[in-house]
Amino acid sequence: MFIHNASIEIPNFELKITHENGTRFYLTENGNKYPSITSVLSANPEKRKGLQQWRKRVGHEEATKISGRAARRGTAVHKMCEDYLNNEEDYSNGAMPDSLQMFNSLKPILDENLNNIHTQEAMLYSDYLGVAGRVDCIAEWNGVPAVIDFKTSSKPKRLEWVNDYFMQCSAYAAMYFERTDIAIKDIVVAVMVDNNKPQIFTEKVSKWLPTLKRAIDEFNIGY
């Protein structure tokens with residue numbers, strides 16, 4: 001059974017979401033409109049160029065099928081992670097074989113390393129950074145509080161391919177600090193790989209905050 005830390009008071013709110021020119025925005029209770037951190041990072045010109053080249057290479061129709069399948073699988077696996085960490089017995093109910101395989105590869109790692117959960121799937125925002133988003137999980141990893149992000153992939157990832165994930169998690173850490181005054185210094189990115197072992201990437205929030213700030217500034221200039 002996973003322990004949930006009930007002593008941490010986290011503001012419970014659902015932010016209204018709007019979309020403008022393909023960018024997702026969150027409306028805060030104070031009337032501010034902040035772009036989602038995932039939209040900010042995906043707006044990188046090099047990333048967009050690479051995506052366009054891939055779609056051209058495989059064909060628009062096939063690319064749409066692949067992207068849709070990956071999105072559905074990712075959603076299903078995220079839901080299993082959330083339910084399992086919430087100690088729900090039927091966490092895998094109705095899961096497709098590929099999604100279940102991915103989750104089962106990560107399950108023993110969660111059992112061994114994760115506990116004392118602060119929050120899951122919480123909407124957060126940062127007035128300082130001017131971004132918002134929904135964090136997968138904040139909990140202790142090997143006894144140390146960390147932002148934990150769950151990803152799925154069709155193939156193993158190189159370290160340089162997960163830089164955006166580190167920036168994303170650093171943003172969540174900043175958002176969480178503003179909402180709770182609790183500083184989270186560690187990042188854990190758990191990548192579940194199709195028919196392969198999961199990859200666990202760890203980093204420090206402080207290393208990625210300057211890079212994150214530059215990415216946000218570039219987005220704001222471009223937008």
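All values below were derived from every heavy atom in this structure, side-chain atoms included, with hydrogens, water molecules and symmetry-related copies excluded. The first residue of the sequence shown is numbered 1, and numbering continues consecutively from there.
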Grouping ILVMFWY residues whenever side-chain heavy atoms fall under 4.5 Å, the cluster of Leu27 otherwise contains none

Between Asp164 and Thr38, is there a side-chain heavy-atom distance shorter than 4.5 Å? no

Taking salt bridge (charged side-chain N to carboxylate O under 4.0 Å, His left out) as the cut-off, I'd like each qualifying pair that reaches into residues 140-149, sequence neighbours left out, listed once. Asp149-Lys151

Tell me, please, which residues at least two apart from Lys33 pass side-chain hydrogen bond (donor to acceptor under 3.5 Å, both in side chains). Glu20

Flag yes if Val40 and Val135 sit in one hydrophobic cluster, no otherwise; membership is Ile, Leu, Val, Met, Phe, Trp, Tyr, and two members link when side-chain heavy atoms are under 4.5 Å apart. yes

How far does NE2 of His118 sit from OG1 of Thr180, to the nearest 0.5 angstrom? 8.5 Å

Of all heavy-atom pairs linking Pro198 and Ser105, the shortest is CG-O, 3.4 Å

Single-linkage hydrophobic cluster Leu110~Met102, side-chain heavy atoms < 4.5 angstrom: yes

Rounded to the nearest 0.5 Å, what separates atom CD1 in Ile3 from atom CG in Asn116? 5.0 Å

dist Asn163:CG -> Arg158:CZ (nearest 0.5 Å) comes out at 13.0 Å

Where at least one partner belongs to residues 104-119, residue pairs that pass salt bridge (charged side-chain N to carboxylate O under 4.0 Å, His left out), sequence neighbours excluded: Lys107-Asp111

Taking only residues at least two apart or on different chains, which pairs with a member in residues 204-214 satisfy salt bridge (charged side-chain N to carboxylate O under 4.0 Å, His left out)? Asp186-Lys204, Glu203-Lys207, Lys213-Asp217

With a cut-off of 3.5 Å and sequence neighbours excluded, list every side-chain donor-acceptor pair involving residues 121-131.
residue	atom	partner	partner atom	Å
Tyr125	OH	Glu29	OE1	3.2
Tyr125	OH	Glu29	OE2	2.8
Ser126	OG	Tyr128	N	3.3
Ser126	OG	Leu129	N	2.9
Ser126	OG	Glu178	OE2	2.4
Asp127	OD1	Tyr34	OH	2.7

Which atom of Phe219 lies closest to which atom of Ala43, heavy atoms considered: CD1-CB, 3.8 Å

Taking the side chain as every heavy atom from C-beta outward, state whether Phe103 and Ser92 have any atom pair closer than 4.5 Å. no

Distance, nearest 0.5 Å, that separates CG of Asn5 from CD1 of Ile182: 7.5 Å

Among residues at least two apart in sequence or on other chains, which ones pass side-chain contact (heavy atoms from CB on, under 4.5 Å) with Asn195? Gln101

Could you work out, with side-chain hydrogen bond (donor to acceptor under 3.5 Å, both in side chains) as the rule, every residue matching Tyr165, not counting sequence neighbours? none

Member of Asp83, Thr152, Asp136 meeting the side-chain hydrogen bond (donor to acceptor under 3.5 Å, both in side chains) criterion with His78: Asp136

Show the nearest heavy-atom pair for residues Cys81 and Leu106, with the distance to one decimal. SG-CD2, 4.3 Å

Would you say the side chain of His4 lies within less than 4.5 Å of the side chain of Asn87, judging by non-hydrogen atoms? yes

Side chain of Tyr172, backbone of Arg134: donor and acceptor closer than 3.5 Å? yes

Got a sec, which residues hit ring-ring contact (aromatic ring centres under 6.0 Å, His included) with Phe2, two or more places apart in sequence or on another chain? Tyr84

So, taking the atom named CZ in Phe25 and the one named NE2 in His19, what distance separates them when rounded to the nearest 0.5 Å? 10.0 Å

Give the cluster check for Leu114 versus Tyr91: same hydrophobic cluster or not, with ILVMFWY residues linked at side-chain heavy-atom distances below 4.5 Å. yes

For Phe166, enumerate each residue passing the ring-ring contact (aromatic ring centres under 6.0 Å, His included) test, keeping only those at least two apart in sequence or located in another chain. Trp208

Taking Thr23 for the side chain and Ser39 for the main chain, is one N or O donor matched with an acceptor at less than 3.5 Å? no

Hydrophobic cluster membership, Val162 vs Phe150, 4.5 Å side-chain cutoff: no

Value rounded to 0.5 Å, distance of CG in Leu209 from OG in Ser170: 5.0 Å

Can you name the side-chain hydrogen bond (donor to acceptor under 3.5 Å, both in side chains) partners of Asn115, sequence neighbours left out? none

I'd like to check the side-chain hydrogen bond (donor to acceptor under 3.5 Å, both in side chains) partners of Asn86; sequence neighbours left out, ordered by chain and number. Gln120

Answer whether the closest heavy-atom distance between the side chains of Ile109 and Trp141 falls below 4.5 Å. yes

Is there a chain of hydrophobic side chains (I, L, V, M, F, W, Y, each step under 4.5 Å between heavy atoms) that links Met192 to Leu100? yes

Might you point out which heavy atoms bring Leu85 and Ile117 nearest each other, and give the distance in Å? O-CD1, 3.6 Å

Qualifying residue, where the test is side-chain contact (heavy atoms from CB on, under 4.5 Å) with Cys169 and the options are Val205, Ile187, Ile148: Ile187

